[in-house]
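What follows is one structure encoded as structure tokens, with my remarks underneath.
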Amino acid sequence: MFGCLVAGRLVQTVAQQVAEDKFVFDLPDYDSINHVVVFMLGTVPFPEGMGGSVYFCYPDENGIAVWQLLGFVTNEKPSAIFKISSLKSGKGSHHPFGAMNIPQTPSVAQIGISVELLELLAQQTPVASAAVSSVNSFTEFTQKMLDNFYNFASSFAVTQAQMTPNPSEAFIPANVVLKWYENFQRRLTQNPLFWKT
């Protein structure tokens, strides 16, 4: 029903079912993980009116499991990316995995998924630093990409006197690239999602 992906590692598609409505993925060597993606496989949807709370669990310095709510997945939102690099310290939160005897290993964290009513999911508050999917991060990425492209293209600028005629190469005036760069920045500032229209 679920999958779990960590960059540079194999996709996990077989969760350990620890209760009728609870699933766990092991994340070995969790200290090297920054982000994790949790997704539905598309083979089995949630029952009507249900979704899945997604939790991150890591052992504290005493080996005690610390669970933190990351967010959720539903039939309408079948995947989510979570930033867990900043969650490897701090306090846990209320979670549905407390009564279960899930083995803890010092270097292994876990992603837990609890199938719950959508009404309950809407009332839960995830850890704020777990969210990564926002317009601000997209806008920041786009701005850095624009800057990088402009700087790269400008590094090849030559004057007309420096040009060597070559009929097989096309030249783009630097002012055309600058005009595109400024227009794109302006449009991005006005509406970060303008490119979708």
Side-chain angles (χ1 to χ4, degrees), residues 1-138 140-141:
M1 184 172 183
F2 304 108
C4 181
L5 173 66
V6 173
R9 300 186 184 186
L10 293 176
V11 176
Q12 296 184 51
T13 57
V14 181
Q16 176 186 356
Q17 189 167 2
V18 294
E20 182 180 339
D21 58 351
K22 307 220 177 347
F23 304 85
V24 174
F25 289 102
D26 286 339
L27 300 177
D29 190 26
Y30 73 94
D31 281 329
S32 66
I33 299 173
N34 291 317
H35 296 84
V36 64
V37 179
V38 175
F39 58 95
M40 296 179 61
L41 297 175
T43 54
V44 179
F46 283 111
E48 187 68 31
M50 304 294 279
S53 293
V54 179
Y55 291 85
F56 174 62
C57 174
Y58 66 94
D60 68 8
E61 62 275 353
N62 299 317
I64 306 296
V66 177
W67 290 88
Q68 296 176 324
L69 177 64
L70 300 177
F72 62 90
V73 291
T74 64
N75 291 336
E76 291 73 33
K77 181 185 175 251
S79 65
I81 302 171
F82 302 107
K83 180 178 180 182
I84 63 170
S85 57
S86 60
L87 302 180
K88 297 166 191 167
S89 62
K91 296 181 179 181
S93 60
H94 176 72
H95 62 87
F97 295 91
M100 290 167 212
N101 187 15
I102 302 172
Q104 291 293 307
T105 307
S107 64
V108 177
Q110 294 171 318
I111 292 293
I113 302 169
S114 175
V115 179
E116 301 172 6
L117 291 169
L118 291 175
E119 293 83 38
L120 292 176
L121 294 180
Q123 297 172 15
Q124 297 174 349
T125 305
V127 177
S129 57
V132 296
S133 177
S134 69
V135 171
N136 291 339
S137 63
F138 173 77
E140 182 181 355
F141 166 76

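Atom CH2 of Trp67 sits about 5.0 Å away from atom CD of Gln110, to the nearest 0.5 Å. Once rounded to the nearest 0.5 Å, the distance linking CG of Asp21 with CD1 of Ile113 reads 12.0 Å.
Between Leu117 and Met50, some side-chain heavy-atom pair lies under the 4.5 Å cut-off. The shortest side-chain heavy-atom distance between Leu70 and Pro126 does not fall under the 4.5 Å cut-off. Within the 4.5 Å cutoff, the side chain of Ile111 has heavy atoms near those of the Phe56 side chain.
Asn34 contributes no side-chain N or O that, together with a main-chain N or O of Ser85, makes up a donor-acceptor pair within less than 3.5 Å. Side chain of Gln12 to main chain of Asp26: a donor-acceptor pair is present (N/O by atom type, distance under 3.5 Å, no hydrogens or angles). Between the side chain of Gln17 and the backbone N or O of Ala19 there is at least one donor-acceptor pair closer than 3.5 Å.
For the residue pair Phe23 and Ala15, the shortest heavy atom distance occurs at CB-CB, 3.9 Å. Of all heavy-atom pairs spanning Leu69 and Val54, the tightest one is CD1-O, 3.5 Å. Of all heavy-atom pairs between Ser79 and Phe39, the closest is CB-CB, 3.7 Å.
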**Message:** Pair Phe72, Leu120 - check side chain to side chain contact (heavy atoms under 4.5 Å, CB included), show working.
**Reply:** CA-CA 11 Å; Phe72 62 90; Leu120 292 176; over 6 Å; no
**Item:** Verdict with supporting geometry, Asn75 and Met40, side chain to side chain contact (heavy atoms under 4.5 Å, CB included)
**Value:** CA-CA 8 Å; Asn75 291 336; Met40 296 179 61; 3.3 Å; yes
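With sequence neighbours excluded, the residues that form a side-chain hydrogen bond (donor to acceptor under 3.5 Å, both in side chains) with Gln124 are Ser53, Glu116.
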Sequence neighbours excluded and cut-off under 3.5 Å, please list the side-chain donor-acceptor pairs for residues 1-9, or say none.
residue	atom	partner	partner atom	Å
Arg9	NH1	Pro28	O	2.6
Arg9	NH2	Pro28	O	3.2
Arg9	NH2	Asp29	O	3.1
Arg9	NH2	Ser32	OG	3.0

